[in-house]
> 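Quick one: this structure, given as structure tokens, is what I'll be asking you about.
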Amino acid sequence: MSLKSILAKIFAKIIHYKTQKWAQNPVEIQQKVFNDLIRQAKNTQFAKDHFFSEIKSFSDFQKQVPIRDYEELKHYVDRVVEGEENILWKGKPLYFAKTSGTTSGAKYIPLTKESMPFHIEAARNAILNYIHETGKADFVDGKMIFLQGSPILENKNGIKLGRLSGIVAHFVPKYLQKNRMPSLETNCIDDWETKVDAIVNETINEDMVVISGIPSWVQMYFEKLQQKGEKPVGELFKNFNLFIYGGVNYEPYRAKFENLIGRKVDSIELFPASEGFFAYQDSQKEKGMLLLLNSGIFYEFVKPEEFFTVTPKRYTIGEVELNVNYVLIISTNAGLWAYNIGDTVQFTSLKPYRVIVSGRIKHYISAFGEHVIGKEVEHALQEAMQNTTICVNEFTVAPQIAPKTGLPYHEWFIEFENEPNNLKEFALAVDNAMRQQNVYYDDLIVGKVLKTVVITKVPKNGFQEYMKSIGKLGGQNKLPRLSNDRTIADKLQIE
């Protein structure tokens, strides 16, 4: 065992102890975070507009600060982008993380000197918790790859601007620098397909032990590796045993990954976003990710069925329940206040608080009042594939409300690696799994308002071609699992 791996185990033990300390006092810790946020922001324009000087409790905060999304906060963000100080948070941000917007075009999410360290610490602590739990630390001596955006940053009125993953690349600790791949030159390539080809060429003969990225794009990397090396990834990288991912649920990809790798590997799930690093998988044995309550973020939770009402009830950490869907609302030390990031979560544990990402509040199907969420379609697909050789590369679901004949239905667009022998039987298995999870959907099938699921096959690389056509190939971009309209469905190239 090397000195580096010995030191990693010692450091992992220290971090585990510190994590347990705050995780065992969740309500108290969140109250402290709340008080600190209000105190530090008291002289900002936002605080003056919302009378922070009068806020003595969470209920005061609720009265003064409504829930907002980016578009509703944009007039404040625009002032920050123009170079004004003390608008949402004290001083100026260190960075803007640029993300794809919806109605507002590009979004500029501030990262401050107070918030930036938590992005780095959370990723580090996820790995250290894994080391502490499993005792595995030898991988710290091997090569690691993080599939991410370009680290080249622009300048926006004196503030650096780039993709979050590109910004984070500048904070890789020195002790990991010589282990880290790809090279800076390759990492700066903008075109995703060219970049992946270059990464394959750089890494194919290396001893890669840790690989990290969004599953859909890592899959593309693995496919190109296998094609070039003419071997499973696990044979090319004999010591590869840890996959770190975030952004989407890994389960729909797991069977394909194990086929590409040729064996099972450990995995760590992360829940990062430009707005904050919210959770990471702290145990290989327990379901869910540890919600980071001590990271400069104050959390609120709203039930989706109440979210679009005038005054939805806003729950704090001490009020949430297991297995209930909540819209995640955050206030942060980057100056986001009662901010709706768009994700929904469910708690899998309350001691400590662990969550899974259940979907997006904007990504659902409720064309007929069924309110189907991402977690349900992912689970239904897994159920239908269980104990079969069927393998799926990618999928998305949309309603078909005006078919040429017959009843409306949910249309599943699936790119298969291994197709089912009988597509109609497989569609029925998916449908039955959906009906078991969602009583509203079941009622619509029983009442003959909807007919059962229809599956439309998408040709090989069809989803990659779609993402490329809209300028979102690679990086941190994700294909929505669900749409309540036909925008994506109508653009897919279907066989």
> For Tyr108, does its backbone N or O pair with a side-chain atom of Tyr70 as donor and acceptor, under 3.5 Å?
yes
> Please work out whether the ring planes of Phe416 and Phe426 are parallel, tilted or perpendicular, with thresholds of 30° and 60°.
perpendicular
> CG of Leu260 to CG of Leu225: how many Å apart, nearest 0.5 Å?
9.5 Å
> Whether the side chain of Tyr326 engages the backbone of Glu321 through a donor-acceptor N/O pair (distance < 3.5 Å, no angle test) should be reported.
yes
> Knowing that exactly one of Glu465, Glu223, Glu419 qualifies, which makes a salt bridge (charged side-chain N to carboxylate O under 4.0 Å, His left out) with Lys460?
Glu223
> What I'd like to find out is whether the side chain of Ile211 reaches to under 4.5 Å of the side chain of Tyr221, using heavy atoms alone.
yes
> What class does the angle between the rings of Phe243 and Phe222 fall in, given that below 30° is parallel, 30 to 60° is tilted and above 60° is perpendicular?
tilted
> Does some side-chain heavy atom of Glu133 sit less than 4.5 Å from a side-chain heavy atom of Ser283?
yes
> Distance-only, no hydrogens or angles: does the Ser295 side chain make a donor-acceptor pair with backbone N or O of Ile297 under 3.5 Å?
no
> Can you check whether Ala429's main-chain N or O pairs, donor with acceptor, with Glu383's side chain at less than 3.5 Å?
no
> Considering non-hydrogen atoms only, spot the tightest contact between Leu164 and Ala273 and give its length.
CD2-O, 3.4 Å
> Are Phe307 and Thr344 side-chain neighbours, meaning at least one heavy-atom pair lies under 4.5 Å?
no
> State the CG-NZ distance between Leu482 and Lys375, to the nearest 0.5 angstrom.
13.0 Å
> Could you tell me whether a side-chain N or O of Asp60 sits under 3.5 Å from a main-chain N or O of Ser57, the two making a donor and an acceptor?
yes
> Hey, are Thr316 and Glu319 close enough side-chain-wise for a donor-acceptor pair under 3.5 Å?
yes
> Considering non-hydrogen atoms only, spot the tightest contact between Tyr130 and Ile268 and give its length.
CB-CD1, 3.5 Å
> Would you say Gln346 and Ser358 are linked by a side-chain donor-acceptor pair, where the criterion is simply a distance under 3.5 Å?
no
> Donor-acceptor pair, distance only, cut-off 3.5 Å: does the side chain of Glu72 make one with the backbone of Asp69?
yes
> Give me the atom names and distance for the closest heavy-atom approach of Val33 to Gly296.
CG1-C, 4.0 Å
> Tell me every residue that passes salt bridge (Lys or Arg N to Asp or Glu O under 4.0 Å) with Asp197, counting only those two or more places apart in sequence or in another chain.
Lys224
> Is there side-chain contact between Leu381 and Val377, with at least one heavy-atom pair below 4.5 Å?
no
> Compare every heavy atom of Ala23 with every heavy atom of Pro26, then report the nearest pair and how far apart it is.
CD-O, 3.5 Å
> For Gln30 and Val27, indicate whether the former's side chain and the latter's backbone hold a donor-acceptor pair under 3.5 Å.
no
> Could you tell me if the side chain of Lys195 sits less than 4.5 Å from the side chain of Ile199, heavy atoms only?
yes
> To the closest 0.5 Å, what do you measure between CD1 (Ile373) and CD (Glu378)?
9.5 Å
> Under the criterion side-chain contact (heavy atoms from CB on, under 4.5 Å), which of Leu236, Val233, Thr203 is the partner of Met208?
Thr203
> Near Glu305 CD, under 6.0 Å, is it more than 12 heavy atoms from other residues, nucleotides or ligands?
yes
> Does any part of the side chain of Phe308, heavy atoms only, come nearer than 4.5 Å to the side chain of Val302, both counted from C-beta?
no
> Looking only at the side chains, is there a donor atom on one of Thr332 and Glu275 sitting less than 3.5 Å from an acceptor on the other?
no
> Within the side chain of Thr348, is there an N or O that forms a donor-acceptor pair under 3.5 Å with the backbone of Lys287?
yes
> Do any N or O atoms from the side chain of Asp191 and from the backbone of Thr194 form a donor-acceptor pair under 3.5 angstrom?
yes
> Do any side-chain atoms of residues 392-401 form donor-acceptor pairs under 3.5 angstrom with protein atoms, and if so which ones, sequence neighbours left out?
from   : atom 1 : to     : atom 2 : distance (Å)
Asn393 : OD1    : Gln219 : NE2    : 3.4
Asn393 : OD1    : Lys256 : NZ     : 2.6
Asn393 : ND2    : Glu415 : OE2    : 3.2
Asn393 : ND2    : Glu417 : OE1    : 3.2
Glu394 : OE1    : Tyr253 : OH     : 3.1
Glu394 : OE1    : Arg481 : NH1    : 2.5
Glu394 : OE1    : Arg481 : NH2    : 3.4
Glu394 : OE2    : Tyr253 : OH     : 2.7
Thr396 : OG1    : Pro480 : O      : 2.7
Thr396 : OG1    : Arg481 : O      : 3.2
Gln400 : OE1    : Ala402 : N      : 3.1

> Mind checking the NE2-OH spacing from His119 to Tyr95? Nearest 0.5 Å is all I need.
11.5 Å
> Quickly, which of Phe61, Trp337, Tyr299 forms a ring-ring contact (aromatic ring centres under 6.0 Å, His included) with Phe34? Name it, please.
Phe61
> Does atom CG (Asp490) have a neighbourhood of more than 12 heavy atoms from anything else shown, all under 6.0 Å?
yes
> Just verifying a value: how many Å separate Ser349 OG and Leu290 CG, rounded to the nearest 0.5 Å?
9.0 Å
> Heavy atoms, side chains only, cut-off 4.5 Å: are Tyr466 and Val458 in contact?
no
> Between Leu88 and Leu73, is a side-chain contact (heavy atoms from CB on, under 4.5 Å) present by the stated rule, with each step listed?
CA-CA 10 Å; Leu88 287 165; Leu73 201 67; 4.3 Å; yes
> Give the ring-plane orientation class for His50 versus Phe46, where under 30° counts as parallel, over 60° as perpendicular and anything between as tilted.
parallel
> Any donor and acceptor pair, going by atom type alone, linking the side chain of Arg263 with main-chain N or O of Gly234 inside 3.5 Å?
yes
> Looking only at non-hydrogen atoms, find the nearest pair between Lys231 and Gln226 and report the distance.
O-CG, 3.3 Å
> Identify the heavy atoms of Asn187 and Pro182 that sit nearest to each other, and give their distance.
OD1-CG, 3.9 Å
> Can you check side-chain contact (heavy atoms from CB on, under 4.5 Å) on Asn333 and Leu37, steps first, answer last?
CA-CA 6 Å; Asn333 54 7; Leu37 292 175; 3.8 Å; yes
> Check ring pair (Phe, Tyr, Trp, His ring centres under 6.0 Å) between Tyr441 and all other residues, then give those that pass, not counting sequence neighbours.
His410
> Do Asp266 and Lys136 pass the side-chain contact (heavy atoms from CB on, under 4.5 Å) test, and can you show the C-alpha distance, the side-chain angles, and the key distance before you say yes or no?
CA-CA 11 Å; Asp266 286 351; Lys136 299 174 183 177; 2.9 Å; yes
> Would a 4.5 Å heavy-atom cut-off, applied to side chains only, mark Tyr315 and Lys313 as touching?
yes
> Go through the steps to decide whether Leu242 and Met144 satisfy the test side-chain contact (heavy atoms from CB on, under 4.5 Å), and finish with yes or no.
CA-CA 10 Å; Leu242 182 59; Met144 306 179 186; over 6 Å; no
> Quick check for you: to the nearest 0.5 Å, what is the distance between Asp442 atom CG and Asn438 atom CG?
8.5 Å
